[in-house]
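Quick notes on the structure that follows.
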Amino acid sequence: MDVERLVAMANDIGNYFASEPDHEAGIAGVANHLVNFWDPRMRTQIVAHLAAGGAGLSDIARAAVARLADRPSAG
């Protein structure tokens, strides 16, 4: 999938969870959504994008993808 589309999707999910009063819960919500609803190849690609600088990712999406990267199996 096109990485720009993945970034847009991650940012859209981040925008939804940004309204969470607890910022950490918002980040966890985005990360959990990515784990539960994204194909492993999509997760691998967005983690690789973050490792390459993460251009275009919002703060909350960036933090959530970083959490994915820290998991034993990012994919």
Side-chain angles (χ1 to χ4, degrees):
M1 180 174 272
D2 179 50
V3 75
E4 290 177 6
R5 180 69 186 128
L6 292 177
V7 168
M9 290 167 52
N11 287 340
D12 287 344
I13 298 162
N15 288 338
Y16 175 82
F17 283 99
S19 64
E20 175 67 47
D22 179 354
H23 184 67
E24 289 300 315
I27 294 169
V30 176
N32 288 335
H33 182 93
L34 298 178
V35 167
N36 291 327
F37 298 106
W38 280 30
D39 182 274
R41 293 169 293 184
M42 294 165 67
R43 293 192 304 266
T44 298
Q45 194 173 358
I46 199 73
V47 167
H49 178 70
L50 177 65
L57 285 169
S58 67
D59 290 341
I60 192 169
R62 178 181 295 275
V65 173
R67 287 199 183 170
L68 288 182
D70 289 340
R71 291 183 182 204
S73 174

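Quick caveat: nothing in here was measured; it's all calculated off a predicted structure.
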- Item | Shortest non-hydrogen separation from M1 to Q45 and the atoms involved | O-NE2, 2.5 Å
- Output all residues satisfying salt bridge (Lys or Arg N to Asp or Glu O under 4.0 Å) with R62, sequence neighbours left out; order by chain, then residue number. none
Name every donor-acceptor pair, under 3.5 Å, that has one atom in a side chain of residues 12-22 and the other anywhere in the protein, sequence neighbours excluded.
| from | atom 1 | to | atom 2 | distance (Å) |
| --- | --- | --- | --- | --- |
| N15 | ND2 | N11 | O | 3.4 |
| S19 | OG | Y16 | O | 3.1 |
| D22 | OD1 | E24 | N | 3.1 |

- Note on the structure: Residue pairs passing the salt bridge (charged side-chain N to carboxylate O under 4.0 Å, His left out) test with at least one member in residues 46-61, sequence neighbours excluded, are none
When the side chains of residues 25-36 are checked against the rest of the protein, which donor-acceptor pairs come out under 3.5 Å, sequence neighbours left out?
| from | atom 1 | to | atom 2 | distance (Å) |
| --- | --- | --- | --- | --- |
| N32 | ND2 | A28 | O | 3.2 |
| N36 | ND2 | N32 | O | 3.1 |

- Message: Between H49 and L57, is there a side-chain heavy-atom distance shorter than 4.5 Å?
- Response: yes
- Going by the salt bridge (charged side-chain N to carboxylate O under 4.0 Å, His left out) test, which pairs reach into residues 1-11, not counting sequence neighbours? none
